[in-house]
Amino acid sequence: MTLFAPEVTSIPIFGNTQGLKASQIRQLERLCRRSLPPERLITQEFARHLTALTHETGRQVGVLVDRRGDVTHVMVGDARGIEMPDWGRIRAGRGRLRGFRCILSHVGDEPLTRDNVTDLAALRLDAMVAIGTDADGLPANAYVAALRPENRDGSGIEHLDPAPPARIDFDFRDWIRAREEELARQDQTRSVGDGERAILVSVTTGRKPLDLESQLAELRELARSAGVDVVDMVTQHRPALDRKFLMGSGRLQDLVIRAFQFDVDLVIFDQNLTATQARNLSERLELRVIDRTQLILDIFAQHARTRDGKLQVELAQHKYLLPRLAQRSDVALSRLAGGIGGRGPGETKLEVDRRRVRDRVARLERELRKLRGQRESRRKRRSRREVPTLSIVGYTNAGKSTLLRALTKTDVHVADKMFATLDPTSRRLRFPKEREVVITDTVGFIRDLPPDLVSAFRATLEELDDADLLLHVVDAASEDYERRIEAVREVLREIGLGDTPELLVFNQIDRLPDNVGETIAARHDGVAISAVTRAGLAELIARAETLLFEEGGPGARTLGLAGQRH
Ligand SMILES: Nc1nc2c(ncn2[C@@H]2O[C@H](COP(=O)(O)OP(=O)(O)OP(=O)(O)O)[C@@H](O)[C@H]2O)c(=O)[nH]1
Ligand SMILES: [Mg+2]
């Protein structure tokens, strides 16, 4: 026997109606047809319908109301909470607010909960109204919160004084208009340019990391290199990472509110996110969420110039996203796939099924193999001519390309951006004694280089296999240069170059007080230079020449100078 008429059951009620009586369900359904006068945020009568139901069922009852005053959604929760409908399907209004308010009744005369406030911010509601239910099932106080732009006290949330619904009689239309104007004014004062705005998040565990600051500074640098404006940073230290959200729920709620306040386009995590975490976070934040690996991939995508480079980046992007396609959730997925400024592999491409992505991966791999073959024969030709090779390696943004430019006086792309160089460049360089060498500049390294990137760039990095000497460029003015040296050496070991002779080149000494660079260099048996002022270049060339052509270097062998060895 069916209890309800079919046309009645087709009215959507969000939440679990199990355990409710048929008459109570009918009352819930009736809420759908109710409305408020457009000039009122809430009325006593409207509130009474909600509290009566809460009183009867012992559960929270809520509605979404649009700007015309019509109820568009009805929700039922439990005694303590209520869930909002799947927002992905509700069309957003044009302004910064969505044009809906949520009105719900609490069991007892309870103020707004943290969850209520989070929903307000995450869903960009016009207002969140909680009505307390008194012992007789009548409305007690109405607790109202609304969003406002970033303000001095930093809360971003305005709470009205609690008052019975009947006393909340200001003109809602004027009120909401003023609020939207205020938000629009804030938008106008946003920094110009096409930069997207982001909040950076770092969640750490275990012993408090000593280098949290430099790690965050680096993430900020990466974001800047990707053309993103960093407007806020959120950090949390906790005993263990949360499996579902990485961070704890309290901090996550803060993040939701701050994301609204600063009107950000995306949130960037310093830690790598699992597919599940990325999806959960992006659903909760209603925003695009990416991690450091994706950010780096994005910079790579922006900076790749050659065919080889572009194919490698695309391959790495697909490989990174493939596992994330496994349990697709449409809304979250398109957010995950977006990349910065939509420069990821692209939503449309990723909406094709996994098999097609895998096909593409196979094709990219085939093509890259072919290019690699060509490169290999080019390299073989070169080594047959037995010209020693010097390879410039080092942390990203250390000044590798600037050094190549200074040494060869050619025009090489230099930029104050991380990963400005992606594609290897080779130049010929004549040493003072008319000895010729090939010098190559490559992609920079970074700590915790994502494995997807290492494997994708294996081909480019193969260029380094021929190196007779590595010029390991270090930005001597960077505070954690020692840790960076280690990070570079670790990548070198990973790609099998741990044993290639290395000369540490401490660059950018012009940014340090006199003699500081020289002292650092002496301590590490390196050379101190400034690729910009050209200080120390002569010494660098002399040292490289000695290492290559004397002391049993490759030049000594091939040029028949072995006899000069001591
Ligand atoms: N003051 C000063 N700035 C330098 C020096 N060498 C490089 N720079 C600056 O540092 C920034 C990075 O230089 P690049 O040569 O592009 O660095 P890179 O190591 O090739 O960087 P990626 O290719 O991004 O890994 C640029 O803004 C350079 O002008 C130097 O000796 N002194
Ligand atoms: Mg470079």
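When a ligand or atom number is given, it counts from 1 through the structure's own listing order.
For atom 18 (P) of ligand 1, the nearest protein heavy atom (residue, atom name, distance) is Lys400 N, 3.4 Å. Of the protein's heavy atoms, Gly399 N, 3.1 Å lies nearest to atom 17 (O) of ligand 1. If you check which protein heavy atom lies closest to atom 29 (O) of ligand 1, you get Val414 CG1, 3.9 Å. Nearest non-hydrogen protein atom to atom 6 (N) of ligand 1 is Asn507 ND2, 3.1 Å. Given atom 9 (C) of ligand 1, the protein heavy atom at minimum distance is Gln508 NE2, 4.1 Å. Here the protein heavy atom with the shortest distance to atom 27 (O) of ligand 1 is Asp416 CB, 3.2 Å. Nearest protein neighbour of atom 5 (C) of ligand 1, counting heavy atoms only, is Val532 CG2, 3.4 Å.
Looking at His413 next to ligand 1, no N or O pair under 3.5 Å apart turns up. Checked against a 3.5 angstrom limit, the closest N/O atoms of Ala531 and ligand 1 fall inside it. For ligand 1, the polar-atom distance check finds an N/O of Ala420 within less than 3.5 Å of one of the ligand's N/O atoms. For ligand 1, one of its N or O atoms has an N or O atom of Phe419 under 3.5 Å away. In terms of polar-atom proximity, Ala415 is counted as a contact of ligand 1, with an N or O under 3.5 Å from an N or O of the ligand.
At the Mg ion (ligand 2), the vertex angle linking OG1 of Thr421 with OG of Ser401 is 80° (nearest 10 degrees).
For Arg288 (side chain) and Ser282 (main-chain N/O), no donor-acceptor pair under 3.5 Å exists by modelled atom type.
Using a cutoff of 4.0 Å between basic side-chain nitrogens and carboxylate oxygens, Arg489 and Glu486 are scored as salt-bridged. Salt bridge status for Glu218 with Arg484: present, with a side-chain N to carboxylate O gap under 4.0 Å.
Surrounding CZ of Arg430 are more than 12 heavy atoms belonging to other residues, nucleotides or ligands, all under 6.0 Å away. The 12-atom threshold is exceeded at CZ of Arg405, counting heavy atoms of other residues, nucleotides or ligands nearer than 6.0 Å. Summarising the local packing, CD of Glu365 is surrounded by more than 12 heavy atoms from other residues, nucleotides or ligands at distances under 6.0 Å.
Using modelled atom types, one finds no donor on one side chain facing an acceptor on the other under 3.5 Å when comparing Ser202 with Thr235. Judged purely by distance below 3.5 Å, without hydrogens or angles, the side chains of Asp480 and Ser478 pair a donor atom with an acceptor atom. Asp298 and Gln294 share no side-chain donor-acceptor pair at under 3.5 Å.
For the side-chain contact (heavy atoms from CB on, under 4.5 Å) test with Leu281, the passing option among Leu252, Val201, Val267 is Leu252; the others fail. The only option from Phe300, Phe445, Tyr395 that meets the ring-ring contact (aromatic ring centres under 6.0 Å, His included) definition with Phe419 turns out to be Phe300.
Of all the heavy atoms of Arg511, the ones lying under 4.0 Å from any atom of ligand 1 belong exclusively to the side chain. Heavy atoms of Met418 found under 4.0 angstrom from ligand 1 belong exclusively to the backbone.
Distances from atom 23 (O) of ligand 1 to the heavy atoms of Ile299, Thr421, Thr402 put Thr421 nearest. Counting only non-hydrogen atoms, the option in Asp510, Leu403, Asp441 that gets closest to atom 1 (N) of ligand 1 is Asp510.
Counting atoms of ligand 1 from 1 in the listed order, those under 4.0 Å from a heavy atom of Asn397 are 11 (C), 12 (C), 17 (O), 18 (P), 19 (O), 21 (O), 22 (P), 24 (O), 25 (O). Counting the atoms of ligand 1 from 1 in the order shown, those under 4.0 Å from a heavy atom of Gly444 are 25 (O). Using a 4.0 Å cut-off to heavy atoms of Lys417, the atoms of ligand 1 that qualify are 24 (O). Shown in contact with Thr396 at under 4.0 Å from a heavy atom are these atoms of ligand 1, numbered in order with element: 22 (P), 24 (O), 25 (O).
Distance check for Asn397 against the Mg ion (ligand 2): none of its N/O/S atoms falls below 2.8 Å. The nearest N, O or S atom of Thr402 is not closer to the Mg ion (ligand 2) than 2.8 Å.
Asp291 is listed as a side-chain neighbour of Tyr320, based on a closest heavy-atom distance under 4.5 Å.
A distance of 8.0 Å separates OG1 in Thr500 from CG in Asp465, rounded to the nearest 0.5 Å.
Using bins of under 30°, 30° to 60° and over 60° for the plane-to-plane angle, the ring pair Tyr481/His524 lands in the perpendicular bin.
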